[in-house]
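In what follows, every heavy atom counts, from backbone to side chain, and hydrogens, waters and symmetry copies are set aside.
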Amino acid sequence: MGRDTIADIITSIRNADMDRKGTVRVAFTNITEKIIKILLREGFIENVRKHREGNKIFLVLTLRHRRNRKGAYGTSLNLKQISRPGLRIYSNYQKIPRILGGMGIVILSTSRGIMTDREARLEKIGGEILCYIW
């Protein structure tokens with residue numbers, strides 16, 4: 001049985017964010033790398049670097065935390081997996097949902113690669129909805 005790499009990275013990032021960890025280590029795959037690049041470009045994480053242990057490659061993510069006035073950390077990252085191996089969710093470009101009125105992003109897997117909802121609407125292509133991030 002195969003592993004759900006998208007669920008693994010979403011869960012790792014969400015757990016580290018709730019536990020106020022500064023860094024997260026996730027396994028490297030092509031899909032993982034593209035999703036992490038989108039998170040970095042959209043400002044949800046601060047930094048990404050590759051780390052090699054033996055013959056395995058990992059991505060080490062530096063999470064972005066915000067401080068409120070009382071000095072405690074506030075979680076700034078909410079992720080929700082939509083499509084999963086047992087139930088794939090597809091959408092055309094006109095029916096891609098808007099998260100928080102456009103403040104959040106939807107990550108899609110399209111015929112032209114993994115992209116955000118804004119990019120998919122501009123290129124007028126739909127695809128599989130992978131996750132919501134806000």
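For the atom pair Asn47 CG and Arg64 CZ, the distance stands at 10.0 Å (nearest 0.5 Å). Atom-to-atom distance recorded for Asp117:CG and Ser91:OG is 10.0 Å, nearest 0.5 angstrom. Between Ser109 atom OG and Arg88 atom CZ the span is 9.0 Å, to the nearest 0.5 Å. The distance from atom CG of Asn78 to atom CE of Met18, rounded to the nearest 0.5 Å, is 10.0 Å.
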List the steps, then state whether side-chain contact (heavy atoms from CB on, under 4.5 Å) holds for Leu59 with Thr32.
CA-CA 9 Å; Leu59 292 173; Thr32 302; 4.0 Å; yes

Asp4/Gln81 under side-chain contact (heavy atoms from CB on, under 4.5 Å): CA gap, chis, key distance, verdict:
CA-CA 11 Å; Asp4 188 6; Gln81 181 183 11; 2.9 Å; yes

Pair Glu123-Met115, side-chain contact (heavy atoms from CB on, under 4.5 Å): steps then yes or no:
CA-CA 10 Å; Glu123 295 190 26; Met115 61 180 63; 4.1 Å; yes

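Counting only distance, with no hydrogens or angles, the side chain of Ser83 and the backbone of Ile89 share a donor-acceptor pair below 3.5 Å. Between the side chain of Glu119 and the backbone N or O of Thr116, at least one donor-acceptor pair lies under 3.5 Å.
With a 4.5 Å cut-off on side-chain heavy atoms, Ile133 and Leu39 count as touching. Between Ile36 and Ile13, some side-chain heavy-atom pair lies under the 4.5 Å cut-off. Taking the side chain as every heavy atom from C-beta outward, Ile99 and Tyr132 approach each other to under 4.5 Å. In this structure the side chain of Arg14 reaches within 4.5 angstrom of the side chain of Ile10, judged on heavy atoms. Residues Ile38 and Phe44 fail the side-chain proximity criterion, which asks for heavy atoms closer than 4.5 Å. The closest side-chain heavy-atom distance from Pro97 to Ile129 is below 4.5 Å. Looking at Glu33 and Phe28, their side chains come closer than 4.5 Å, going by heavy atoms from C-beta outward. Side-chain contact check for Leu130 versus Ile35: some heavy-atom pair is nearer than 4.5 Å.
Ile107 and Ile125 are assigned to two separate hydrophobic clusters, defined by single-linkage of ILVMFWY side chains at heavy-atom distances under 4.5 Å. One hydrophobic cluster, built from ILVMFWY side chains closer than 4.5 Å, holds both Leu108 and Leu100. Side-chain heavy atoms closer than 4.5 Å link hydrophobic residues (I, L, V, M, F, W, Y) into clusters, and following such links, even through other members, never connects Tyr90 to Val106. A single hydrophobic cluster is seen to contain both Ile57 and Ile6, as judged by linkage of ILVMFWY side chains at heavy-atom distances under 4.5 Å, directly or through other members.
Between Arg3 and Asp8 there is a salt bridge, with a side-chain nitrogen of the basic residue lying less than 4.0 Å from a carboxylate oxygen of the acidic one. Salt-bridge annotation for Lys37 and Glu42: absent, with no side-chain N of the basic residue lying under 4.0 Å from a carboxylate O of the acidic one.
Closest non-hydrogen pair, Tyr93 versus Arg121, comes out as O-CG, 3.8 Å. Pairing each heavy atom of Ile96 with each of Ala120, the nearest pair is CD1-CB, 3.9 Å.
Under a cutoff of 6.0 Å and an axis angle of 45°, Arg25 and Phe58 form a cation-pi pair.
In the displayed structure, Ile31 atom CD1 is contacted under 6.0 Å by at most 12 heavy atoms of other residues, nucleotides or ligands. Within 6.0 Å of CZ in Arg41 there are more than 12 heavy atoms belonging to other residues, nucleotides or ligands.
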